[in-house]
Amino acid sequence: MLPVKKFKKPITINRFDYREFPFFIQKVDLQINLDENCTIVTNTMEIQRKIKFQDDDLYLNADFNELALIDIILNKKKLSKDNYIVQKDFLLIKQFPDSGTLTIITKCFPSENLTMMGLYLSNKNFITQCEPEGFRKITCFPDRPDVMSKYLVTLIADAKYSTLLSNGNLISKKILPDGKKEAIWEDPFPKPSYLFALVVGEFSCLEKKLTIDGKVVTLQIYSDPKFQNKTEWAMYSLVKAIRWDEYRYNLKLDLDQYMIVAVNDFNMGAMENKGLNIFNSSYILADENTATDSDYENIITVIGHEYFHNWTGNRVTCRDWFQLSLKEGLTVFREQEFFSDVMSDLVKDEETKLTIKAVKRIDDAINLRSNQFPEDSGPMAHPIRPDNYQEISNFYTATIYEKGSEIIRMLNNILGYENFLKGINKYFSLYDGKAVTCDDFLNVMQSIYKEREFNSINNKNSDFSIFKNWYKQAGTPTINVVIKYDENKNTCTVILNQECDFVGIENNKQTFFKEKKPFHIPFAIGFLDYNGNSINLVLEDDNKNYYNTKDTFILELYKKTQSWTFKSINNHPIPSLLRNFSAPVKVNYKYSTNELYILANHDRDYFARWEALQELSIRKILENMTNSSNLRINEEYFETFKKIISNKNLDNSYCAKLLTIPNESILFNHVKIIDPILITETRYGLIKTIGYELSDYFLSKLEKLENEEIVTSEIYDPRLANNRLLRNLIIKYLLASGNNYIEEKIENYFYTSKNMTDSIAMLSNLLILGDENKANKAKLYFYNKWKNNNLVIDKWFAIQSSSRCTGIKEIKCLMKHPDFFPQNPNRVRSLVFQFCFKNYLHMHKNDGSGYQYWAEQVINLDKINPEVAARLARALDNWYCFTPELKSQMYDAIEIVYKRDDLSRNTFEIVSKALNIF
């Protein structure tokens, strides 16, 4: 074990230590005189003591590493130094009266702020980011989400700036006598400080008017003047989000003006500041030449997410940061449903609508299994409501967002859509304008659960206490399934047993800790016969259970072990398990290979059918790990692929999902000891073998896809995207197989491509083609064509850094490229993150060079931007799961970072937990 560091251990914040803030801050009047080098902030607050707090001093958060204090004025009287205490992270006003007007004047230094928290510069524009604790870098304030105030903001800036924005409604704007510009904004809704925002700079604006309940509101999207023509899709997405929230939840836009600003330098994807969303430009700017299909999909998703926060996060906010998933999990769930509905509405065919929704659900599952499941079994494992943290920025995790969303979805599955909607409406009626907890939300849902019109089988869980275990316990439950068929009674009994071990590190060894309490799990199940036909399900007793259709039941598992018996089943059935991914769990059932083939060919549930084929592919990879250069695959596996390729009724996107081999991150979850290179090469070997064996089928399908005519007037059409998705997957199969025909065509595809999706796919293919001259020519051509577009150059870096042909030497050369800027998070994510998280062959080379590179980059980035550094530090979270040789070298690399005496709290928390120091 490593020795404890000599410097002071960061303070751990505990959920159970929460204490209500002793004062109301009813109004905040901010006057901000903006200057790149020294901005003066005059903060005037109307403060009143809460009756039950008689003796408290006024404690205000402040980051005096970023701020300089000028004056403190209480009730028009300047305070002497005897009346207050200044420490590096707070300001304390002694013996504060029961009420008073407090003015604090400070200065901050935007040009020196590289952390992109608080007030900083991006492309010479002033930008803020205050969630979670950035407001204290702008002024002294109780920087916590349960202090909600009304804001009046006066912005003063040089005349060269065309745009001066803040939250709420514009009250006035004018030119001052000294030639500077002034804009006054008033937000009519109380908000916590993390939702404060300002943007001042040079922007162009796309504007649209929208009528809501007879009132005309103005929608505005601000961007760099060079890119105004790339904001049409973002505006389309915003209008769709507004209308969807009206229709689905009866939640309406509550402002006269709604603004979005695209900026180049941003730590996150976007931020939901009330009425003034600030976005990473990668989630706003798009056109058919520069954006991939994924870009379009990400934009509509993130636009929806931030808009939905207007209610689930802003109007009802978190009491404290431990409740973060209260707003994020619920909003991700709403975002996922929005995407499914809007994308399916873009097509007319009902079957295509259903497959679009199913593909979205599959993508959600892949995302969860690739990112959150590993997190749940590692040193950063935490429940969706954590009990403690050292740095809250480290808890913007897949668990909070994606698992949080799945837990909301389980509520929807348990209650049923109508009852879930009733619960949401009750939640808003009770808590609009308040800062609340996860328990407040769950108690509302519990009240609906008790009232619902149906009764669950043997339901003794009406108090919802067991469901609350999802909020208390980390880990991914495993559901062990046993099927007992009684041929004399024609009944089938389903026995579900749940277990959940938290895997962590103790004394440098992987350790299984004590088992968790049971979870409340909605488990969707159906049955097929051996001809592939669905079996109608009828329970043996007369109690009702909530179900989606006659052949799918949602069983409510809330004990360690439960059983259900179905009647009138004439033959031993094949279970179709966890349909539509009804819960974020793992399933353990010993399917025969034949049963998996029947499910893969015939299951009516799109998710379960895909799952069966995934399981078959996983088995093929694991079976051939010792023979990765010459895989042995049975003919039935290939026949299943042939049927999928030849099926004219399958939507292209679903066909592509069925044909896609599980990614490395998911495969890592299926082995006890991870050998990343062996797994990667075996996976690639399977792709090669499939491409070779099915080349004629792939070429025939490719010809049909190339000749498929899709006439569209939409900015983005999922049918075109789905065509490209399948076409480019087929090309990858053929390329891996060494098909000469496709190798000759790839270069032509690249240089004649008219959209970014194909350009990126073909550039990736050219890099692995094996012809260095062709690869270098393509990289230079792409760069010269797009060198003035930062978002496209991000893609150029990302394609190279994640390629199986790019090693440490090439990565270090790319870091010396004149267009690589370590200060820009997007550029760092496109190069450094892609290599460390996705380039399994070279990141995990046996010589440890990848881990040494990782350590160097974490240390260097920590000096610039601790949030970005801490996220990169997570690349080695699960180091103890790897082979002994790799595990030892990973440990050494983490130790190098840990031993630094100048680490930020952000990075220190990650590496110390990884090494199990605290």
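Residues: numbered from 1 along the sequence shown.
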Indicate yes or no: does [X] engage [Y] in a salt bridge with an N to O separation below 4.0 Å.
X	Y	value
Glu246	Arg243	yes
Asp651	Arg719	no
Lys360	Asp363	no
Lys252	Asp213	yes
Asp387	Lys472	no
Glu337	Arg409	yes
Lys516	Glu499	no
Arg385	Asp439	yes

What I want to check is whether the side chains of [X] and [Y] have a donor and an acceptor closer together than 3.5 Å.
X	Y	result
Asp254	Asn310	yes
Gln336	Ser405	yes
Asn497	Lys559	no
His309	Thr331	yes
Lys426	Ser447	yes
Asn371	Asn367	yes
Thr437	Arg319	no
Asn536	Asp551	no

Contacts of [X] that satisfy side chain to side chain contact (heavy atoms under 4.5 Å, CB included) - sequence neighbours left out:
X	result
Gln129	Met117, Tyr120, Glu131, Phe266, Met268, Met271
Met148	Pro190, Pro192, Thr317, Ala435
Pro522	Met410, Asn413, Ile414, Ile554, Ala583
Glu20	Tyr18, Lys50, Lys52, Phe53

Under 3.5 Å, side chain of [X] to main-chain N/O of [Y], donor-acceptor pair present?
X	Y	result
Asp245	Ala241	no
Gln562	Glu556	yes
Thr355	Glu351	yes

Where does the angle between the aromatic ring planes of [X] and [Y] fall among parallel (under 30°), tilted (30 to 60°) and perpendicular (over 60°)?
X	Y	value
Phe566	Phe527	perpendicular
Trp321	Tyr396	tilted
Tyr449	His520	perpendicular
Phe519	Trp470	tilted
Trp610	Phe607	tilted
Tyr389	Phe322	tilted

Check: [Y] and [X] side chains under 4.5 Å, non-hydrogen atoms:
X	Y	answer
Val585	Leu578	yes
Phe581	Arg369	yes
Cys438	Ile384	no
Asp320	Asp146	no
Ile242	Leu219	yes
Ser166	Tyr151	no
Leu528	Ser576	yes
Phe333	Phe420	yes

Handout entry: Working for side chain to side chain donor-acceptor pair (under 3.5 Å), residues Thr565 and Thr491
Key = CA-CA 7 Å; Thr565 299; Thr491 61; over 6 Å; no
Problem - Contacts of type side-chain hydrogen bond (donor to acceptor under 3.5 Å, both in side chains), residue Lys357, not counting sequence neighbours - result: Asp341
Handout entry: Atom NZ of Lys353: over 12 foreign heavy atoms under 6.0 Å
Key = yes
Handout entry: Test of ring centre spacing under 6.0 Å for Tyr258 and Tyr307
Key = yes
Handout entry: Validation row, ring centre Tyr427 to ring centre Phe441 under 6.0 Å
Key = yes
Practice task
State which residues pass salt bridge (charged side-chain N to carboxylate O under 4.0 Å, His left out) with Arg609; sequence neighbours excluded, sorted by chain then number.
Solution key: none
Problem - side chain to side chain donor-acceptor pair (under 3.5 Å) between Asp376 and Gln372, intermediate numbers included - result: CA-CA 6 Å; Asp376 241 351; Gln372 198 280 321; 3.0 Å; yes
Problem - Arg334 to Tyr249, cation-pi by 6.0 Å centre distance and 45° axis angle - result: yes
Practice task
To the nearest 0.5 angstrom, please state how far the CG atom of Leu599 sits from the CG atom of Asp605.
Solution key: 10.0 Å
Practice task
Mind checking the CG-CG spacing from Asp187 to Leu255? Nearest 0.5 Å is all I need.
Solution key: 7.0 Å
Exercise for the section: Give the C-alpha distance, both sets of side-chain angles, the deciding distance and a yes or no for side chain to side chain donor-acceptor pair (under 3.5 Å) between Glu306 and Tyr283. Expected result: CA-CA 11 Å; Glu306 305 308 332; Tyr283 293 105; over 6 Å; no
